[in-house]
Amino acid sequence: MAHINDHYLKLKAGYLFPEIGRRVREFTTANPEAKVIRLGIGDVTRPLAPAVLKAFHEAIDDLGTTENFHGYGPEQGYDWLINTIIDKSYKPLGVELKTSEMFISDGSKCDCANILDIFALDNKVAIGDPVYPVYNDTNVMVGRTGEADEKGYYKGIVYMPFTEANNFIPDLPKEKVDIIYLCFPNNPTGTVASKEELQKWVDYANANDAVIFYDAAYEAFITTPGIPHSIYEIEGAKKCAIEFRSFSKTAGFTGVRCGLVVVPEAVMGTTEQGEKYSFNKLWNRRTSTKFNGASYPVQRAAAAVYSEEGWQQTKEIIDYYMDNARIIREGLQAAGIACYGGVDAPYIWLKTPAGLSSWDFFDKLLQECHVVGTPGSGFGPSGEGYFRLSAFGDKDKVIEAVDRIKKKWGK
Ligand code: MLT
């Protein structure tokens, strides 16, 4: 009989969002009349920008013609998309990248997981707490960890708490690590890091020959001037950082699927013999072996996000969500509930009222207000006592949800 990957059995709970879905389904089956408002998973609700939709349609029509038919594209993505992203999204930040340093994918969740393929198992990994669960769980799945302790910390991983006490910017690891996951604007806390703060991480990485995995999936939601949109705005980052970006939240592509990874040629690791080797070469090798490229219509739609019209329309949708974030933040504050984030990110991180545990608050909010959010403890032990609300809902529903919360919990 084939032997399973036993490392999967170390995972303590099911993946967070399916578990929330299960509880919500149970509640709605028992209470079919309840008008449930979902502000749990960060899933977009606005339609695609018209210019993006048009490009998508046109690309599909191309596939119905002999002249413009497209079969396999480059595994790394079409140059016309890569160069558009470099010109429109990185150059304005003062960041120069080569076409060969960017890889288009079918989404950032897979990229954040797949990147582990090109790193040896004996690398020491540092992960935030709370954190986007994919970083932690994929390290468990590949066998980099031991079992979890009673709190939920896996042996072998260095956890970096994001707390009120450190303003949700973790301290540098006390021990030497080889890989550091950073996500700013942060999921789940919605907080951001300044250039000075990121500089400390880049300096640490360069001094310790470590690699930073920088998840910038929410960079388009930054509103405060001066907050970096890319790790490459930080001096020295091109020598030590791999950046992940996503069209999911930026352009409403959660159902379309498109993301990208930047692996600068200067990011190096060592071979077993101690020779330097470029991670760009390895990622390129992996990509061409295990991936056949994001689909042509998806890449055409993604390129249209950066047309003048496309970006204007996309920005309006981002502003719509950020107005929702303001409504949630101000509503919670008016109700006397302490909260963070929601200024440069579409997530609001609130302290559960009355000292409730995250899951107790989840159940109460669902049963008494018919509002779904995400329990902070689902993102890691330091998330206990916190709760995340997403700003990706319809505005009228967001207003209604905040009203219900205020009525129930307002002082
Ligand atoms: C979230 O709610 O944290 C995200 O939507 C999950 C994801 O991007 O996969």
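Whatever order the structure lists ligands and atoms in, that order sets their numbers, starting from 1.
- Within the listing of ligand 1, atoms 1 (C), 2 (O), 3 (O), 4 (C), 5 (O) sit less than 4.0 angstrom from a heavy atom of Y347.
- Put simply, part of N187 is less than 4.0 Å from ligand 1, judged by heavy atoms.
- Remark: minimum distance from atom 9 (O) of ligand 1 to any protein heavy atom is reached at Y132 OH, 2.6 Å.
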key: Criterion side-chain contact (heavy atoms from CB on, under 4.5 Å) on I118 and Y277, from CA distance to verdict   = CA-CA 11 Å; I118 61 168; Y277 202 90; over 6 Å; no
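- There is no side-chain donor-acceptor pair under 3.5 Å between E101 and N280.
- Ranking the protein heavy atoms by distance from atom 8 (O) of ligand 1 puts K249 NZ, 3.0 Å first.
- Close contacts between ligand 1 and G42 involve ligand atoms 1 (C), 2 (O), 5 (O) [criterion: under 4.0 Å to a heavy atom].
- Where the criterion is an N or O separation shorter than 3.5 Å, residue side chain and backbone included, R388 meets it with respect to ligand 1.
- A perpendicular orientation is assigned to the rings of F379 and F17, their planes being inclined by more than 60° (bins at 30° and 60°).
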request  = Take L11 and M141 through the side-chain contact (heavy atoms from CB on, under 4.5 Å) test and state the conclusion after the steps.
outcome  = CA-CA 8 Å; L11 294 165; M141 288 168 168; 3.8 Å; yes
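- Which parts of ligand 1 touch I41 is read off a 4.0 Å heavy-atom cut-off, strictly below it: atoms 2 (O), 5 (O).
- Using a 4.0 Å cut-off between charged side-chain N and carboxylate O, D203 and K200 make no salt bridge.
- Residues Y159 and Y154 place their aromatic rings such that the two centres sit no closer than 6.0 Å.
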